[in-house]
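A short write-up of the structure that comes next.
Values below: every heavy atom of this structure, side chains too, minus hydrogens, waters and symmetry copies. Throughout, residue positions are numbered sequentially from 1 according to the sequence presented. First listed ligand is number 1; within each ligand, the first listed atom is number 1.
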Amino acid sequence: MKGKVEIAIGPMYSGKTEELIRRVVRRNIAKQHGMIFKISSDTRSKDDNVISRAGTFLKAKTIERSSDALKYLNDNLNYVAFDEAQFFDEELVEVVNSFVDFGTDVIVAGLNLDFRGKPFDNVMKVVAISDEVVLLTAVCMVCGKDATRTQRLISKNGEWIPASLSDPIFKVEGEDVQVRYEPRCKNCWKVGKWKCQKLEIT
Ligand code: ADP
Ligand code: MG
Ligand code: ZN
């Protein structure tokens, strides 16, 4: 039988890693065997763990690229899981398909939108082939409503302002003291656009 694909998407702090861990733990209780993959470019946790902000964590295997996961295709795994899917390369969907064809279930967690409000293609391709899609929301840090988006803020003259559209898509929090992220609803979410040397908020 072919494998099932389950994906949890949402903004930062929405509980994607928590959900992935919950699903893995349930399967382990059911005596299933599996493996969690994380990508080496995700430098936020230095050891081989996936860690949720709620404090739960599980051992994971760090790989360089999506296709490295296929080394474990013959290991008789009941499931594999991929956390932070947006950090994986474009081949992720093919890799997921390979596990599915082999009969292995796949659990994925990833961001829906980048800070500019654009979908992550590799995540959305997995959504398209999923059997179960869960959209998680965080709490909007401005108004307290359900947050579906991730706000990037940059520090300028001692003030936190929305990052500009032209900024690079990936910027790891903590790596640069000038950047931080927070979940926001679409009404409170803003992206700055540089125009005539003046920052305009659209
Ligand atoms: P994700 O992987 O989606 O970034 P995590 O699973 O790591 O999220 O963390 C989710 C946890 O983050 C929640 O259970 C809660 O304890 C905590 N948290 C902190 N800030 C928020 C927020 N603004 N909205 C929701 N959860 C938050
Ligand atoms: Mg996470
Ligand atoms: Zn809001």
- Give a yes/no on ligand 1: does G10 have at least one heavy atom closer than 4.0 angstrom to it? no
- Task: Using the rule that two of Ile, Leu, Val, Met, Phe, Trp, Tyr join whenever any of their side-chain heavy atoms come within less than 4.5 Å, decide whether V127 and V100 are in one cluster.
- Result: yes
- Linked, directly or transitively: V93 and F102 (ILVMFWY side chains, under 4.5 Å): yes
[X] and ligand 1 - part of the residue with a heavy-atom distance under 4.0 Å:
{"X": "A138", "answer": "both"}
{"X": "P11", "answer": "backbone"}
{"X": "M141", "answer": "side chain"}

- Task: Considering only protein heavy atoms, determine whether one is less than 4.0 Å from atom 15 (C) of ligand 1.
- Result: no
- Of the non-hydrogen atoms in L20 and F82, which two are nearest, and what is the gap between them? CD1-O, 3.6 Å
- Between F115 and S164, what is the shortest heavy-atom contact and its length? CE1-O, 3.4 Å
Should you measure from each heavy atom of [X], which atoms of ligand 1 turn up under 4.0 Å away?
{"X": "P183", "result": "23 (N)"}
{"X": "S52", "result": "6 (O), 7 (O)"}
{"X": "T17", "result": "2 (O), 6 (O)"}
{"X": "E18", "result": "6 (O), 10 (C), 11 (C), 13 (C), 14 (O)"}

For [atom], what's the nearest protein heavy atom and its distance?
{"atom": "atom 3 (O) of ligand 1", "value": "K16 NZ, 2.7 Å"}
{"atom": "atom 25 (C) of ligand 1", "value": "Y13 O, 3.1 Å"}
{"atom": "atom 12 (O) of ligand 1", "value": "R53 CB, 3.6 Å"}
{"atom": "atom 23 (N) of ligand 1", "value": "V139 O, 3.1 Å"}

- Query: Please walk me through it: do I129 and V96 pass side-chain contact (heavy atoms from CB on, under 4.5 Å)?
  - Reply: CA-CA 9 Å; I129 60 152; V96 170; 3.7 Å; yes
Charged N to carboxylate O under 4.0 angstrom, [X] versus [Y]?
{"X": "E132", "Y": "R23", "value": "yes"}
{"X": "K16", "Y": "E84", "value": "no"}
{"X": "D48", "Y": "K59", "value": "no"}

- Side chains of E6 and S130: does their closest heavy-atom pair fall under 4.5 Å? no
- Task: Take R152 and Y181, measure what side-chain hydrogen bond (donor to acceptor under 3.5 Å, both in side chains) needs, and give me the verdict at the end.
- Result: CA-CA 5 Å; R152 185 193 284 179; Y181 293 94; 3.0 Å; yes
- Query: Out of T104, I107, V106, D105, which one pairs with K4 under the side-chain contact (heavy atoms from CB on, under 4.5 Å) rule?
  - Reply: D105
- Test Y79 against F99 for ring pair (Phe, Tyr, Trp, His ring centres under 6.0 Å), laying out the working first. CA-CA 9 Å; Y79 69 86; F99 279 107; over 10 Å; no
- W189 six-ring centre to R184 NZ/CZ under 6.0 Å and within 45° of normal: no
- Item | Within-cut-off N or O pair, G15 and ligand 1, under 3.5 Å | yes
- Query: Excluding waters, which protein N, O or S atoms are within less than 2.8 Å of the Zn ion (ligand 3)?
  - Reply: C140 SG, C143 SG, C185 SG, C188 SG
- Message: Is T17 close enough to the Mg ion (ligand 2) that one of its N, O or S atoms comes in under 2.8 Å?
- Response: yes
